[in-house]
Amino acid sequence: MPLSVRPATAADAPALVEHNLRMAEETEGKALDRAILAAGVAAALADPHKGRYFVAEEEGVVGQLMLTLEWSDWRNAWIWWIQSVYVRRDARRQGVFRALYEHVVEAARAEPDVMGLRLYVENGNEAAQRVYERLGMKRAGYLVMERVPV
């Protein structure tokens, strides 16, 4: 079965939750609360204003990413943020993320009010940074700051 990319559906929720749990552990050493995560995934799947998941399939879901939106008043256009990226270990280095990314790039190009894509990546995740750079992304010159919880 060849690799395909499609919008996620509610039936994909268990795989999305599992992948998000693994991603948090692998990249940040964090153990997420499964119940909170499952509710968050369900909320995004039910409301595209909260997020839009895409999955890559090859005999099951092997990878995912989620898009969230940022309105840029400076550009009078949307910036799509790529988040919740995960590729199963056994599917890495096989073009899964590239397929997801190219799908999103094409979708963004088809929307006249989308001006760009952004993502954030852990400082120490050099392997992911190299992947993003090979796909044409560059460092934006911003440092992300947060206050969590508020």
Side-chain angles (χ1 to χ4, degrees), residues 1-71 77-140 142 144 146 148-149:
M1 172 184 232
L3 184 68
S4 63
V5 175
R6 63 169 174 78
T9 67
D12 298 310
L16 297 171
V17 169
E18 189 61 35
H19 289 174
N20 279 321
L21 287 166
R22 291 179 187 176
M23 184 252 313
E25 175 60 35
E26 289 177 21
T27 62
E28 300 182 36
K30 292 183 179 176
L32 301 179
D33 181 300
R34 183 180 288 272
I36 292 172
L37 175 59
V41 167
L45 289 170
D47 182 354
H49 292 99
K50 290 181 177 154
R52 293 171 46 204
Y53 275 103
F54 291 89
V55 295
E57 284 187 309
E58 188 173 56
E59 297 180 23
V61 175
V62 295
Q64 71 182 53
L65 64 72
M66 181 178 72
L67 295 178
T68 58
L69 306 177
E70 173 190 350
W71 179 253
W78 291 105
I79 297 168
W80 286 0
W81 280 83
I82 298 171
Q83 299 185 154
S84 298
V85 172
Y86 188 78
V87 175
R88 271 189 357 215
R89 281 189 187 273
D90 63 326
R92 292 180 187 164
R93 303 198 58 76
Q94 296 177 33
V96 174
F97 177 72
R98 176 181 292 276
L100 285 160
Y101 180 78
E102 289 175 354
H103 182 86
V104 167
V105 167
E106 290 307 311
R109 286 181 175 153
E111 298 291 331
D113 60 350
V114 175
M115 58 78 48
L117 302 172
R118 286 189 176 149
L119 58 77
Y120 55 87
V121 59
E122 285 292 310
N123 288 319
N125 194 344
E126 294 175 4
Q129 291 170 34
R130 285 191 300 274
V131 168
Y132 302 145
E133 288 169 347
R134 279 195 303 270
L135 290 172
M137 299 194 88
K138 61 182 179 182
R139 296 174 191 267
Y142 297 103
V144 176
E146 67 180 9
V148 178

Using a 3.5 Å cut-off and no angle test, enumerate the donor-acceptor pairs between side-chain atoms of residues 102-110 and protein atoms at least two apart in sequence or in another chain.
from   : atom 1 : to     : atom 2 : distance (Å)
Glu102 : OE2    : Arg98  : NH1    : 3.4
Glu106 : OE2    : Arg109 : NH1    : 3.1

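Residue pairs meeting the salt bridge (Lys or Arg N to Asp or Glu O under 4.0 Å) criterion with at least one partner in residues 30-42, sequence neighbours excluded, are Glu18-Arg34, Glu28-Lys30.
Using a 30° and 60° split on the angle between ring planes, Trp71 and Trp78 fall in the perpendicular class, above 60°.
The side-chain heavy atoms of Ile82 and Leu67, taken from C-beta on, include a pair separated by under 4.5 Å. For the pair Val41/Tyr53, a side-chain contact is recorded, criterion being any heavy-atom separation below 4.5 Å from C-beta on. Residues Trp80 and Leu69 form a side-chain contact, since some pair of their non-hydrogen atoms from C-beta on lies under 4.5 Å apart. Counting heavy atoms from C-beta outward, Arg89 and Arg22 have side chains that stay 4.5 Å or more apart. Counting only heavy atoms from C-beta outward, the side chains of Tyr101 and Val131 never approach each other to under 4.5 Å.
For the residue pair Val96 and Gly63, the shortest heavy atom distance occurs at CG1-CA, 3.9 Å. Closest approach of Ala77 to Met115, counting heavy atoms only: CB-CG, 3.5 Å. In terms of heavy atoms, Leu100 sits closest to Ala56 at CD2-N, 3.8 Å.
Checked against Thr68 for a side-chain contact (heavy atoms from CB on, under 4.5 Å), the options Lys50, Arg52, Arg118, Gln83 give a single hit: Gln83.
For Glu25 (side chain) and Leu32 (main-chain N/O), no donor-acceptor pair under 3.5 Å exists by modelled atom type. In this structure, the side chain of Arg139 does not engage the main chain of Glu133 through any donor-acceptor pair within 3.5 Å. Checking side-chain atoms of Asp12 against main-chain N and O of Thr9 turns up a donor-acceptor pair under 3.5 Å.
Atom-to-atom distance recorded for Tyr86:OH and Leu16:CG is 12.5 Å, nearest 0.5 angstrom.
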Open item on the list: Between Ile79 and Leu117, is the side chain to side chain contact (heavy atoms under 4.5 Å, CB included) condition met? List the steps.
Closed with: CA-CA 6 Å; Ile79 297 168; Leu117 302 172; over 6 Å; no

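Counting heavy-atom neighbours within 6.0 Å of Arg134 CZ, excluding the residue itself, gives a total above 12. No more than 12 heavy atoms of other residues, nucleotides or ligands lie within 6.0 Å of CG in Asn123, so this atom counts as exposed by the packing criterion.
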